[in-house]
Amino acid sequence: LNSTLNIQGDLSGSTSVDLRLVNSDVSISFDDVGDSNGATIEVAGALALSLSQASGNRITINGGTVDIYAATAGMTAADLSNVAAAATLCVKVDTTLVAVGSNLDSTVLGASGRSVIIDAGKTLTAAADIVTGQTVTGAGTLALTGNADNLDFSHLGVVANLDVTQVQAGLQTNGLYGSLFFDNSQQGYYTANVGSGQLLVLTGDQLSSNSITSTGGSANVIAHVGSSYDFSHLAGASGNSFTNGESLTITFQEAGSLDTSTNLNGFDYINLHSGLTGMLATQANNLQTWAGLGGIDVSHDSNDQLAANLYGTANADIFHGAGTGDTVDLLNGGGVDTLAFSGLTNDFAHVLGFSVAGGDKLDFSAIGQLSGQNTYQELELGVVPSSIDAKVLAITNFPAADATAIRNLFNASFTQFNARLAASGASKEVILADDGLGHANVWLWQDSLSGNYSNHKVDTLELTKIGVLDSVTMSDLHDLMNPTFGQQIIG
């Protein structure tokens with residue numbers, strides 16, 4: 001135990017030696033008092049050894065090859081400052097490189113130009129100034145720490161995965177200025193470029209106020225919903241340089257409320273955390289490349305009163321109406337989606353892909369003071385109800401194209417709908433009706449407060465269209481009133 005193997009002489013061109021077969025508790029020494037090179041081995045053949053065996057030794061190369069293997073997982077203190085730059089470091093396990101004792105980081109890999117190859121599925125973690133000037137390749141991941149301002153990363157673009165999320169910011173820099181981000185255009189912000197075949201992983205803070213391009217690589221931006229980011233320098237997703245299968249993705253680490261200043265238009269994919277991510281309609285407008293396990297909860301504020309084109313995710317979403325005539329597209333989405341109505345005119349101008357069979361829901365709770373003890377009730381022509389005592393009414397076997405048609409149906413003697421409303425003292429109801437073209441209109445009836453029409457009966461001028469459910473038919477409305485998967489109307 002704790003012994004030393006002293007290897008004397010040099011390695012000839014016809015010789016291959018693999019020192020990794022030596023027990024790990026045996027130190028390797030090349031001290032040879034009879035050699036003019038002293039404590040040095042000159043390699044003309046092929047030498048393989050572990051990182052710990054190479055560390056601290058003097059190795060030169062004269063036409064041969066030297067392969068150094070990082071094969072012990074965990075933190076490894078190394079000093080290759082006296083090992084020829086032509087020697088290759090092969091990373092076979094997850095390894096963290098640090099300097100020996102008080103040595104400078106520059107001694108860890110030694111002279112610039114060393115080749116470091118990281119195997120697929122393995123991660124080499126090192127301070128940025130350890131790998132500056134080195135050539136890192138392979139199908140694995142290089143994870144950098146420390147500050148990287150003004151270092152030489154010109155040969156890191158050939159490693160499959162470059163993770164800079166642990167790099168520390170500098171004084172008024174993101175920690176990567178002059179190494180990964182450059183102010184080539186002198187426009188006051190810095191731009192990073194992702195090389196061919198590489199995945200760059202960085203943080204939202206590092207990209208904020210900067211930009212990124214691609215010449216064949218992809219990038220994943222790790223972000224937090226509550227943080228404020230300036231992504232205004234990103235080209236729109238349809239016009240950025242991430243093409244031919246590459247992508248610029250933002251991945252949120254949690255659900256919650258998206259900071260209102262964060263604009264997501266520059267990303268090809270928006271990876272949502274499980275749960276709901278709340279955002280303004282202006283932030284969600286026209287975005288449809290949602291990914292991940294989460295859904296969106298979209299609303300308007302007082303400064304956001306324009307119609308939006310909103311697209312559902314593959315998970316459960318909530319869309320809040322605000323009388324702005326939004327179009328909601330659920331055709332390519334999934335999960336149980338909810339439309340929350342405000343009661344204002346034209347909450348939703350069009351809703352595509354609303355699926356009764358899929359369990360999608362209509363939420364009218366924000367309207368308030370709807371009449372009736374029950375949440376919903378089905379109304380059918382030919383069946384005179386004994387009473388009408390529900391907040392949401394659906395006509396399920398006869399179309400009604402407009403407000404006049406709704407009024408006529410309710411006022412007809414053979415339906416007795418208005419008579420039953422008057423008997424119950426109702427004054428405010430939601431009414432669902434097929435328009436005769438295969439779409440369901442959502443109406444809000446509110447009885448007049450005074451005058452001839454203040455009679456607890458539906459009249460044309462008292463009806464407001466608050467939404468349109470495209471391709472929802474009378475049959476769907478019947479199913480909505482008789483749900484298979486639990487209540488889909490929220491009153």
Side-chain angles (χ1 to χ4, degrees), residues 1-119 122-127 129-138 140 142 152 155 159:
L1 295 177
N2 300 317
S3 57
T4 299
L5 174 61
N6 187 34
I7 301 173
Q8 298 184 353
D10 297 323
L11 199 60
S12 68
S14 60
T15 306
S16 296
V17 174
D18 190 345
L19 295 178
R20 292 175 297 167
L21 302 177
V22 177
N23 288 345
S24 59
D25 58 353
V26 177
S27 299
I28 299 296
S29 170
F30 300 117
D31 191 6
D32 184 357
V33 295
D35 190 334
S36 60
N37 292 325
T40 302
I41 185 172
E42 183 179 271
V43 180
L47 175 63
L49 69 170
S50 71
L51 181 56
S52 61
Q53 290 170 334
S55 180
N57 277 311
R58 186 180 298 275
I59 303 173
T60 62
I61 297 177
N62 182 15
T65 60
V66 176
D67 292 323
I68 302 169
Y69 291 87
T72 302
M75 184 176 293
T76 301
D79 178 1
L80 301 183
S81 59
N82 292 312
V83 176
T88 298
L89 175 61
C90 306
V91 180
K92 298 293 184 180
V93 295
D94 292 338
T95 302
T96 298
L97 289 181
V98 295
V100 174
S102 59
N103 285 359
L104 297 176
D105 282 346
S106 59
T107 65
V108 175
L109 292 178
S112 296
R114 186 176 310 285
S115 175
V116 180
I117 304 173
I118 308 173
D119 277 9
K122 307 306 176 185
T123 298
L124 173 62
T125 302
D129 54 5
I130 288 177
V131 299
T132 180
Q134 311 295 357
T135 299
V136 184
T137 64
L142 174 62
D152 179 7
H155 300 293
V159 66

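Predicted model only: the values in this text are computed from it and were never measured.
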Could you grab the distance from atom CD1 of Ile117 to atom CG of Asp67, nearest 0.5 Å is fine? 7.5 Å
The reported gap from CG in Leu51 to OH in Tyr69 (rounded to nearest 0.5 angstrom) is 13.0 Å
Measuring from atom CG of Asn103 to atom CG of Asp79, what distance do you get when rounded to the nearest 0.5 angstrom? 5.0 Å
Flag side-chain contact, heavy atom, 4.5 Å: Leu80 against Ile68: yes
Please check this pair: side chain of Arg58 against backbone of Ser81, looking for a donor-acceptor N/O pair closer than 3.5 Å. no
Check: Thr60 and Asn62 side chains under 4.5 Å, non-hydrogen atoms: no
Out of curiosity, Ser55 OG to Asn82 CG, how far, rounded to the nearest 0.5 Å? 10.0 Å
Does any N or O in the side chain of Asn23 come within less than 3.5 Å of the main-chain N or O of Asp25, such that one atom is a donor and the other an acceptor? no
Measure the shortest side-chain to side-chain distance between Val22 and Ile28 over non-hydrogen atoms and say whether it is less than 4.5 angstrom. yes
Taking all non-hydrogen atoms of both residues, which atom of Val83 and which atom of Ala54 are closest, and how far apart? CG2-O, 3.9 Å
Calculate, to the nearest 0.5 Å, the distance between atoms CG and CG belonging to Leu49 and Leu21 respectively. 11.5 Å
Quick check for you: to the nearest 0.5 Å, what is the distance between Asp31 atom CG and Ile41 atom CD1? 12.5 Å
In chain order, what residues pass the side chain to side chain donor-acceptor pair (under 3.5 Å) check against Ser29, with sequence neighbours excluded? Asn6
N/O donor to acceptor pairs below 3.5 angstrom from side-chain atoms of residues 85-100, sequence neighbours left out:
residue : atom : partner : partner atom : Å
Lys92   : NZ   : Asp119  : OD2          : 3.2
Asp94   : OD1  : Thr123  : N            : 2.8
Thr95   : OG1  : Val93   : O            : 3.0

For the student: nearest non-hydrogen atoms of Gln134 and His155, plus distance: O-CB, 3.3 Å
Single hit among Ile59, Asp10, Ile61, Leu11 for side chain to side chain contact (heavy atoms under 4.5 Å, CB included) with Glu42: Asp10
Could you check whether any side-chain heavy atom of Leu19 comes within less than 4.5 Å of a side-chain heavy atom of Ile7, counting everything from C-beta outward? yes
